[in-house]
Amino acid sequence: MNVITLFNEKGGVGKTTLAVTIAAGLAIRGAQVLLVDADAQANAAHALGIAPYGGFYDLIVRDAPFEDVVRAIAASRLLPYDQVDQLTGNLYVIGSNHETLNVANSQTDIEKFLNIMLLLQETPFP
């Protein structure tokens with residue numbers, strides 16, 4: 001498993017656009033991709049047609065099962081209509097909402113987040 005992280009404290013530098021483009025491109029090329037939208041604005045999930053929801057917050061704070069927070073992205077969101085049957089990869093998203101602002105309030109929360117991300121590396125996609 002490979003992990004790609006995009007991080008920059010400055011807003012408006014294209015992190016979300018780049019993350020969604022890379023995730024979609026990898027799925028189109030046949031990869032199994034999990035995009036974690038950890039931004040309270042939820043723009044990554046929204047760009048893929050997912051309304052804001054507390055997935056990331058639920059996973060980290062409320063101990064929700066992975067299966068309850070992950071959403072599969074339809075092939076029609078990634079490819080033109082006449083090419084959807086050619087998609088060999090999959091793109092999954094863990095969405096976000098305004099609650100995400102409250103995730104990393106302590107060292108314990110950050111450690112819990114990192115441990116969950118390590119466990120997700122071993123979790124098979126639905």
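Minimum interatomic distance between Ala42 and Ser96 (heavy atoms only, all atoms of both residues): CB-O, 3.3 Å. Of all heavy-atom pairs between Ala27 and Leu91, the closest is CB-CB, 3.9 Å. Smallest separation of non-hydrogen atoms from Pro52 and Asn97: CB-CB, 4.2 Å. Across all non-hydrogen atoms, the minimal contact from Leu59 to Ala64 is CD1-O, 3.4 Å.
Each of Leu48, Val70, Val33 was evaluated against Tyr92; a single residue qualifies, Val70, per the side-chain contact (heavy atoms from CB on, under 4.5 Å) test.
With a 4.5 Å cut-off on side-chain heavy atoms, Phe56 and Asp39 do not count as touching. Side-chain contact between Asp63 and Asp58: absent, with no pair of heavy atoms (C-beta onward) separated by less than 4.5 Å.
Panel note: side chain Tyr57, backbone Leu101; no donor-acceptor pair is recorded below 3.5 Å. With hydrogens and angles disregarded, no donor-acceptor distance shorter than 3.5 Å links the side chain of Lys15 to the backbone of Glu9. Judged by distance alone, with hydrogens and angles left aside, the side-chain atoms of Asp37 form a donor-acceptor pair with the main-chain N or O of Ala45 at under 3.5 Å.
Separating the CG atom in Asn43 from the OG1 atom in Thr17 is a distance of 8.5 Å, to the nearest 0.5 Å. Considering CZ of Arg71 and CD1 of Ile50, their distance stands at 7.0 Å, rounded to 0.5 Å.
Hydrophobic clustering, with ILVMFWY side chains joined whenever heavy atoms are under 4.5 angstrom apart, keeps Val20 apart from Val13. Under the 4.5 Å side-chain heavy-atom criterion for Ile, Leu, Val, Met, Phe, Trp and Tyr, Leu35 and Leu18 are members of the same hydrophobic cluster.
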So Val36 and Leu34, side chain to side chain contact (heavy atoms under 4.5 Å, CB included) or not? Walk me through it.
-> CA-CA 6 Å; Val36 179; Leu34 174 64; 4.1 Å; yes
Is there a side chain to side chain contact (heavy atoms under 4.5 Å, CB included) between Ile28 and Leu79 once you walk through the steps?
-> CA-CA 8 Å; Ile28 290 168; Leu79 291 171; 4.0 Å; yes
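Atom CZ of Arg29 has 12 or fewer heavy atoms from other residues, nucleotides or ligands within 6.0 Å. For Asn2, the CG atom sits in a loose shell: 12 or fewer heavy atoms of surrounding residues, nucleotides or ligands are nearer than 6.0 Å. Counted within 6.0 Å of CD on Gln41, heavy atoms from surrounding residues, nucleotides or ligands total 12 or fewer; the atom is thus considered open.
A salt bridge is defined here as a Lys NZ or Arg NE, NH1 or NH2 lying under 4.0 Å from an Asp or Glu carboxylate O, and Glu99 with Arg62 meets this definition.
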